[in-house]
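To start, the structure under review is shown below, and the notes come after it.
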Amino acid sequence: MSTGHTASVSSLDTLPVDLDKTLSTRWKDITLLKRLWPFIKPHWKGLAYSLGLMIPISLSSLAQPFVVRAAIDGPITNGNFGGLLQYCALFLGLLVVMYTLRYHQLVVSQLTGQRIIYEIRTHLYAHLQNLSPRFYQQHPIGKIVTRLTNDVENLSEMFASGGIAIVSDVALIMGAVVGMFLMNVQMALITLVVLPVVAMVIEFFRRKSRKTYDESRVRVAKLNAFLNENFSGIEVVKLMRREEINYQDFERLNHTNLKVGLHSVFYDSSLTASIEFLLNLTILWILWTGGQLLLAGAMTFGLLVAFFQYAQMMFEPIEDVSDKYTIIQSGLASVDKLMDLFDAVPEIPPTLEIAAQYPVAKGDIVFDQVTFAYLKDAEEPILKNVSFHVTPGQTVAIVGASGAGKSTLMKLLCRFYDVQDGQVLLDGKNIMQWELADLRRNIVVIQQDDFLFSRSVLENITLDTGEADTSKLEIALDQSNARTVIDRLPDGLETVLEERGKNLSGGEKQLILFARAIYHQPAVLVLDEATSAVDPQTERLIQAAMANLSQQCTTLVVAHRLSTIEAADQILVIEGGQLVEQGTHAELLAKQGIYSGYYERYQTQEEG
Amino acid sequence: MQWKLWIQDRFSHPIFKNAGLLGLYKREFAWGFIALAATNAMTVIIPLLVQAAIYLMDPTAPENKDPGLFLKVLDQLDLGAYKTLDTVFWTIFATALINLVVRVASRQFLLGVGRKIEYEVRNRMYNHLLKLPVQFFSKYPPGELMSRMTNDVQIIRTLSGGAFMLLFNTVSIYLFSIPMMLMLSWKLTLVTFMLYPLSVWLMSKISDRVKTAYYAVQAVLGDISNQAQENLNGMMVIQSYAKEPLEAKRFEDLSNRYLDRMGDLIRQRVWLFLMMAVLTGVSMLLILGEGGREVIWGELGLGGFVAFTLYLERLSWPTMALGWAVSTFQQSAAAFERLDEILSAGPTEAEMTSTGPTQANTDPSQGLSLKQVTFAYPVEPGTEANLPALKDITLAISPGTTVGLVGPVGCGKTTLLKLIPKLYSLETGHIFLDGQDIRHIAIEDLRRRVVLMPQQSFLFSATVGQNIAYGEPNTSMEKLADTATVAGVHQDIEGFANGYNTIVGERGLTLSGGQRQRSALARTLLVESEVLLLDDPFSNVDSGVEQRIIEGLAARKTFADKITLMATHRFSILPSLDWLVLMDEGKIIATGTHTELLASQPLYQQLYEKQQTQSEEQETAS
């Protein structure tokens, strides 16, 4: 064996990349835009309005050269100063109209863009709330946050400076084309020969550029995931003296990012320069063909100069479109990523409306021949044909080696996952027939290392922003003994916790989590090794609280503590995903089976 | 002296503070600017060539009074023979070709600099962040730091790449065009640019507002990022309490606030953008009026008038782009300030270590000792100080001993452990390692000698093997497996599909709590330290496994001369430890062996007996 497992190799190369779709599976841009339609639809009026304003704006802008030309041909050549002032007034009028409309149009269009962004962001967040733990295990949270912030921001750029600007550019190009045909069909055709070439060049660089943009997104996402993790785990980084190695890893990621960035800069630069080159060639082309026509007497100087102006008028927006194109590209890449998230199908169909009232369950639980595997095609399911019945108010201890499937049982009960075979019943009704929200409001789960929000302690207990129910709160604080923690905190219940409750010790956190559970008055309480991080003194208090609670509700505990196990009305022994023994403490001891082996070990340990 | 203040204000832009950063790439900037200037020269030349071509097509036409600069230059150089249409066409073609190459080069240099600066700033930030103490990270949540390292850094990139390029582009095109315009009519030139000072003043007013609005937008975006981060991490809680609608509402409120702030920013930005367009439009109006007057009064030819409008047209796009560049410049001020906040954040851990007299002779037999340690968690200046978490702790542990830290929740065990590897810096009292005050031991050195396993078992998204070898990346596979065996996680890992190469999720999510904790234990044990600090290392481990780990640890030879300090709530292991420290409310109540404490300390008796009687009660009941 070698040192092949050393951690100096950047771990990020092995990050799951399923969010980063490869180019081959890329959809057509149109399809992507179609998928945006539901978010655009509520705001189509704003869009249509700002697009509609383009017409008077373009007209007033195209009218300006006409005014100038008319002024030159009229009063200026005739020496009529008064007439000139009239044209100046007309010109001023055009400016006022144009800029007023333009201000209005820019604000409306960008605001509409932002409103669409708002739709996407809030819908995406609501959608994310419907996805089950499996999704969050597979997708680094740092990446999802990038979607909700950076990618959504990209979209806003796409709408604001991209979409609307492109429409106005297209309007200008069309205007120039129409103008040319009105002036001279032959010269118009000669000039327009250039357009396909321009389109081809843009298309060529577009493809190249898109590839680098995609890669760039992947790199940035990886960089973000790396940073997020390293900031969250900064304590470990420092304690393990990883500063240097991690800096090198980061530098490597950052450098790859730079290389990709420089590639995309090259394609961007080439595109812009090529368009400028084509403009110069077009002028040369007009000069050459137009010159021949001129020598043949088929055209005038004035017309030639006018065509230069039109070519310029046409190329400026084309160049602008190509600039905006990169914004659109980056926006589309983001749309793709966002749609991937929208495509993640909720494993458990969520309840869309959560009613204020819900049927309170008695807390009768039946597991009937339940089989479950985390992976659909796993060889060994984590649970096999597990059946048991818990009557209301009972306290059940689940015992078994770690990895035996104890926690899985809990996750099935509140439908974080659905069983593959068999069924789970609450109050005699298959949990799949319960409204999901009603089911979950009846079952409170306390997981090991459960999550605390960086909000006030009160909000962490009530999980609500409104007024707390004082009587429920009092009961919760008393029964959980969380009061002892709260008394110690500087602002009591109003103390805002640090990220993940870092300013609380493990035991203090447990007490708060208990208060949270009790406050919600569940019919079923599920404790997943929750008592483990609490010191014996506090645990004793919690045991007392649990005694109260278990009179009011059905309690399932994944337990390691002998006291918890012994106090249970029923003990389930899980081994290798199967329910191997079941009964009261006395019954199981009498059996002299697996449980009594466990028991002896626990005993010797706790008695030291 | 308003203008002085104004100038001072302009030059206090944080960009000047960070000029060194831009200076790193002065060669790229120089080449880029040269190439850009060359490109703009070509842009001014081509119209002259066109003028020449038109002249050559029909030199006799009455409108063609002026052969133009190009043909005049040819005459001057005695190259009259080349005054043909073909020469002019080929010169146009050559100029266009050179322009193509030079334009690519200028953009590659200048936009590339943006990327390089982005890279450099990120490296510097991360490097600096790694040097900051953990308390900094509790002030700045990951979402906040990430937003700075991505969004703000990107703005710096746009500034140093795009905005500078546009700025210089505008400047150079003016430099090339203004002489031409002055040549045509100095009066008209003056009138045309008459409004520029006014608009510059207006623009600076508006861009101040853009800056304020931008700050507000970024702040809300940071909130959104944090909220998203936190809610995604706590999604199981939200789901299991069916609080989705409430949280969605919260997120919507935040998004609404963002929309409001964004509305302000949009209005200010549009103003700024339109300022430039209005300027061009009004200039055109002035040319029409004044230029028309000059033509009527015979001061200017019609050709000159048309040329003037053409030059203005050439100036209009770069001038409008100037608006964008200025707004980026303003945005970058906010971004720079936010980056500076990180880059100049201090003190670093190294700075917190005093460089005071280092004791030359360390004495390993002295072990680890704490002398009158009192500690309160640091607070932001200006806020009320925290109550001390540790009060007057004095303690000495000799090498080869294993000491247990016991006491109720919140008694200061974790704080005590965190002070030893200097995760927080000590103000009052001393901690000695081998007779040397840890204040004088370099962090790097200290953390090699003292290793702490924190309460929360944080794993990185890497393979299990990489996670365990985190502190000793160059360890051998044998040693890795051996340590994992001692920590009781080897069998679990062997059971995984890819063994030690199995990747664990972002926060080690695919592992059970116990597996995570045992992996973290293995990670800690792998570091060959003098002092081993364990903070509740078995809280998520099954009792049976815990016993095996303890036995395995005791059997290890390396343990013989190590100091082990273990905070624990598990009384089962306490009798086997050398002696114990009983703590309550930040103070040491007593020290002694399990038997001694049991005999003399009511608190210890209380803690211990509760557990005992509990199991006995149950036994008699059964």
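Residue numbers start from 1 in every chain, and the chains themselves are labelled A, B, ... in the order their sequence lines are given, proteins ahead of strands. All values derive from a computational prediction rather than experimental measurement. Heavy atoms only: backbone and side chains are in, while hydrogens, waters and symmetry mates are out.
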So which part of [X] gets closer than 4.5 Å to some heavy atom of chain A, the side chain, the backbone, both or neither?
| X | result |
| --- | --- |
| B/Met236 | both |
| B/Arg448 | both |
| B/Asn123 | both |
| B/Val104 | both |
| B/Tyr377 | neither |
| B/Asn226 | neither |
| B/Asn127 | both |
| B/Leu423 | side chain |
| B/Leu285 | both |
| B/Leu574 | neither |

Given that the side chain runs from C-beta out, which part of [X] has a heavy atom under 4.5 Å from chain B: side chain, backbone, both or neither?
| X | answer |
| --- | --- |
| A/Asn254 | both |
| A/Leu281 | side chain |
| A/Asn80 | backbone |
| A/Glu243 | both |
| A/Leu463 | both |
| A/Val107 | both |
| A/Arg121 | both |
| A/Cys88 | both |
| A/Tyr103 | both |
| A/Leu85 | neither |
| A/Leu111 | both |
| A/Leu84 | side chain |
| A/Asn224 | both |
| A/Leu436 | neither |

Side chains of [X] and [Y] in contact at under 4.5 Å (non-hydrogen atoms):
| X | Y | result |
| --- | --- | --- |
| B/Met477 | B/Tyr500 | yes |
| B/Met146 | B/Asn151 | no |
| A/Ile245 | A/Arg242 | yes |
| B/Asn233 | A/Phe451 | yes |
| A/Ser274 | B/Leu100 | yes |
| B/Leu145 | A/Leu227 | no |
| A/Asn228 | A/Ser232 | yes |

Closest non-hydrogen atom pair between [X] and [Y], with its separation:
| X | Y | answer |
| --- | --- | --- |
| A/Phe250 | B/Arg122 | CE2-O, 3.5 Å |
| B/Ala53 | B/Leu85 | O-CD2, 3.7 Å |
| B/Pro142 | B/Gln229 | CB-NE2, 4.0 Å |
| B/Ala228 | B/Phe251 | CB-CE1, 4.2 Å |

message: Is it true that A/Tyr125 and B/Asn231 share a donor-acceptor pair across their side chains at a distance under 3.5 Å?
response: yes
query: Looking at B/Val451, B/Leu452, B/Ile443, which one forms a side-chain contact (heavy atoms from CB on, under 4.5 Å) with B/Pro421?
result: B/Leu452
Relative to chain A, which of [options] shows the most heavy atom pairs under 4.5 Å?
| options | answer |
| --- | --- |
| B/Met284, B/His594, B/Glu444, B/Glu247 | B/Glu247 |
| B/Leu111, B/Ile266, B/Val527 | B/Ile266 |
| B/Trp271, B/Tyr241, B/Phe93 | B/Tyr241 |
| B/Thr150, B/Thr414, B/Val278 | B/Val278 |
| B/Glu230, B/Arg447, B/Glu244 | B/Glu230 |
| B/Glu118, B/Glu252, B/Lys131 | B/Glu252 |

Heavy-atom pairs under 4.5 Å with chain B: which of [options] has the most?
| options | answer |
| --- | --- |
| A/Arg102, A/Met98, A/Glu153 | A/Glu153 |
| A/Asn280, A/Thr122, A/Val265, A/Leu131 | A/Val265 |
| A/Val237, A/Ile283, A/Asp438, A/Leu504 | A/Val237 |
| A/Ile443, A/Asn257, A/Asp464, A/Leu452 | A/Asp464 |
| A/Val220, A/Thr146, A/Asn246 | A/Asn246 |
| A/Arg115, A/Arg488, A/Arg441, A/His520 | A/His520 |

Measure from the side-chain N and O atoms of [X] to the backbone N and O of [Y], and report whether any donor-acceptor pair falls under 3.5 Å.
| X | Y | result |
| --- | --- | --- |
| A/Arg440 | A/Cys414 | yes |
| A/Lys238 | B/Leu130 | yes |
| B/Asn99 | B/Thr95 | no |
| A/Glu229 | B/Ser461 | yes |

message: Is it true that, when you exclude A/Tyr118 itself, more than 12 heavy atoms of the residues, nucleotides or ligands shown sit nearer than 6.0 Å to its OH?
response: yes
message: Tell me whether A/Glu276 is salt-bridged to B/Arg103, with the criterion being a basic N under 4.0 Å from an acidic carboxylate O.
response: yes
field: Distance, nearest 0.5 Å, that separates CG of B/Leu129 from OH of A/Tyr247
entry: 11.5 Å
